[in-house]
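Beneath this line is the structure, given in structure tokens, with notes to follow.
The first residue in the sequence is number 1, and the count goes up from there. This is a predicted model, so every value here is computed, not measured.
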Amino acid sequence: MDYAGISPLTLPVEALLRAIKALSKLFWISMIGTLLTIFLASLANIGGAAQGSVSIGEYSIPVSVLPIGCLVFAWFMLWLTAARLRMLDGALGDDDLTATLAREIFRLDPPVLDVFDAGNLRPFALLSGSSMLLWNWSLFFGSSVGLFFSAIIVPGAAASVDEFGVFSVYVLASLAIMLHGIARIVGPLRRILDRLHGELPKLGVVRVGVAVAVLFGGILATNPDLPRVMTSDVYRAVGPSWANAVDGETLLLEQGEIVVLMGIEALRPDQTCSDADGAVYECGRQATTFLQSLVQDRPVHCLVFFPNLGVCVPRGEGEPVPTALEDFFHANSLQARMVAAGFAFTEGEGGVYMGTLQDEAQRQRVGAWQGAFEPPGRWASR
């Protein structure tokens with residue numbers, strides 16, 4: 001190919017235009033990623049996190065992959081943005097491309113948000129393009145922390161497993177990615193603005209304060225119960241209260257509160273099993289009916305943990321009220337009686353308190369143990 005007719009100005013201008021278009025696409029993708037993160041975090045918080053999956057239409061997404069997806073998306077987008085900014089910085093550093101011509105190109109074809117406009121240099125330009133980009137990433141990381149809580153702490157609580165350490169690792173990983181992205185992006189951005197306008201950007205205390213506020217706003221928007229969980233007692237006493245069974249592990253109390261029995265995994269309402277002769281029967285419906293029989297004659301007293309996980313015992317008139325968790329996890333608790341009847345199975349730390357009851361139910365071949373059945377979690381996912 002003959003390059004003799006190409007002007008020395010052609011290559012830096014072409015690189016400049018390509019970098020501008022690439023940055024525009026990245027800005028749009030980052031905004032869409034923020035909205036998607038908020039949606040998934042809210043969906044996980046509303047329902048499904050305790051069951052380990054989030055349903056979107058006919059698709060079921062395991063909540064365990066959502067935090068990893070957030071971190072990978074953030075790292076890749078920040079890395080790609082930094083790479084495009086370096087490409088833009090290199091194009092502006094060409095001696096054949098004057099600052100006046102570069103400013104004219106940006107004026108004719110600015111990137112989304114116009115983050116290279118002179119107005120972005122002011123420390124109080126809260127509605128400038130660079131401020132909007134800062135708010136977007138603050139909201140993304142805030143909603144990501146809310147998603148981590150819904151995807152890690154809530155399922156851990158449902159299984160009576162302390163996942164705060166894992167949650168802390170994800171939060172620290174988010175902080176590391178955010179700081180790494182800032183370190184890679186700020187340098188090229190400062191050089192670009194200096195070449196275009198002869199002045200460095202001023203972040204300002206106000207902008208930093210708003211960014212921190214937006215970050216915490218993202219956390220609260222996706223998980224509004226988080227402050228109460230962090231500042232309140234570990235559990236709260238509920239009852240005595242009359243209750244109805246929603247399924248084999250969920251109670252609806254008379255005041256409208258829903259309590260999910262922790263430490264067990266009951267047969268699903270629509271689940272079927274096979275008896276000793278191989279005949280199919282509705283074991284899930286039997287589990288719901290059995291739990292209803294345990295609460296229909298006596299009120300229940302519960303210790304409820306975040307968000308709605310509890311340990312409940314039927315309480316007869318004149319019987320003492322339990323005060324400690326160990327007093328609730330005994331043979332008369334609803335969890336223990338469901339396990340002993342073969343309609344539920346221990347999960348997490350529930351095995352510590354009810355493992356012998358489950359072994360005995362299996363030996364006696366009661367409930368679902370009389371024949372063949374699928375674990376409830378596998379049945380639900382299938």
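A donor-acceptor pair under 3.5 Å is absent between the side-chain atoms of Asp277 and the main chain of Ala279, judged by distance alone. A side-chain donor-acceptor contact under 3.5 Å links Gln358 to the backbone of Thr346. A donor-acceptor pair under 3.5 Å links the side-chain atoms of Gln370 to the main chain of Gly367, judged by distance alone. Proximity of a side-chain donor or acceptor of Gln271 to a complementary backbone N or O of Arg268 within less than 3.5 Å is detected. Judged by distance alone, with hydrogens and angles left aside, the side-chain atoms of Glu249 form no donor-acceptor pair with the main-chain N or O of Met262 at under 3.5 Å.
Taking all atoms of both residues into account, the shortest heavy-atom contact from Pro240 to Glu254 is O-OE2, 4.3 Å. Pro188 and Leu85 make their closest contact through CB-CB, 3.9 Å (heavy atoms, listed as atom of the first residue, atom of the second, distance). Ser130 and Arg207 get closest at one heavy-atom pair: OG-NH1, 3.1 Å. Closest non-hydrogen pair, Gln335 versus Val311, comes out as NE2-CA, 3.3 Å. Residue Leu71 comes nearest to Ala173 through the heavy atom pair CD1-CB, 3.9 Å, listed as atom of the first residue, atom of the second, then distance. Here the shortest heavy-atom pairing between Leu147 and Cys70 reads CD2-SG, 3.3 Å.
For the side-chain contact (heavy atoms from CB on, under 4.5 Å) with Ser241, the lone residue among Leu253, Leu251, Val295 that qualifies is Leu253.
Under the 4.5 Å side-chain heavy-atom criterion for Ile, Leu, Val, Met, Phe, Trp and Tyr, Val72 and Ile177 are members of the same hydrophobic cluster. In this structure, Phe73 is not a member of the same hydrophobic cluster as Val169, with clusters built from ILVMFWY side-chain heavy atoms closer than 4.5 Å. The hydrophobic clustering, which links ILVMFWY residues whose side-chain heavy atoms are closer than 4.5 Å, places Val208 and Met178 together.
In Arg285, the CZ atom is not crowded: 12 or fewer heavy atoms of neighbouring residues, nucleotides or ligands sit closer than 6.0 Å. Within 6.0 Å of atom CH2 in Trp79, 12 or fewer heavy atoms from other residues, nucleotides or ligands are found, so the atom counts as exposed in its surroundings.
A 4.5 Å side-chain heavy-atom check between Ile264 and Val339 finds at least one atom pair inside the cut-off. When side chains are defined from C-beta on, Phe373 does not count as touching Ser274, because their heavy atoms never get closer than 4.5 Å. Residues Met338 and Leu291 are in side-chain contact: their nearest non-hydrogen atoms beyond the backbone lie under 4.5 Å apart. Between Ser30 and Trp137 there is a side-chain heavy-atom pair separated by less than 4.5 Å. Taking the side chain as every heavy atom from C-beta outward, Phe345 and Pro376 approach each other to under 4.5 Å.
Donor-acceptor pairing under 3.5 Å is recorded for the side chains of Thr250 and Asp247. With 3.5 Å as the limit, one finds no donor-acceptor pair spanning the side chains of Arg184 and Thr81.
Between the CG atom of Asp297 and the CD atom of Gln292 there is a distance of 9.5 Å, given to the nearest 0.5 Å.
The aromatic rings of Tyr170 and Phe148 are tilted relative to each other, their planes meeting at an angle between 30° and 60°.
Checked against a 6.0 Å centroid threshold, the rings of Phe216 and Phe141 do not count as neighbours.
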Practice item. Start with the C-alpha distance between Gln364 and Glu360, add both sets of side-chain angles, then the distance that settles side chain to side chain donor-acceptor pair (under 3.5 Å), and finish with yes or no. Key: CA-CA 6 Å; Gln364 297 294 329; Glu360 183 62 25; 2.8 Å; yes

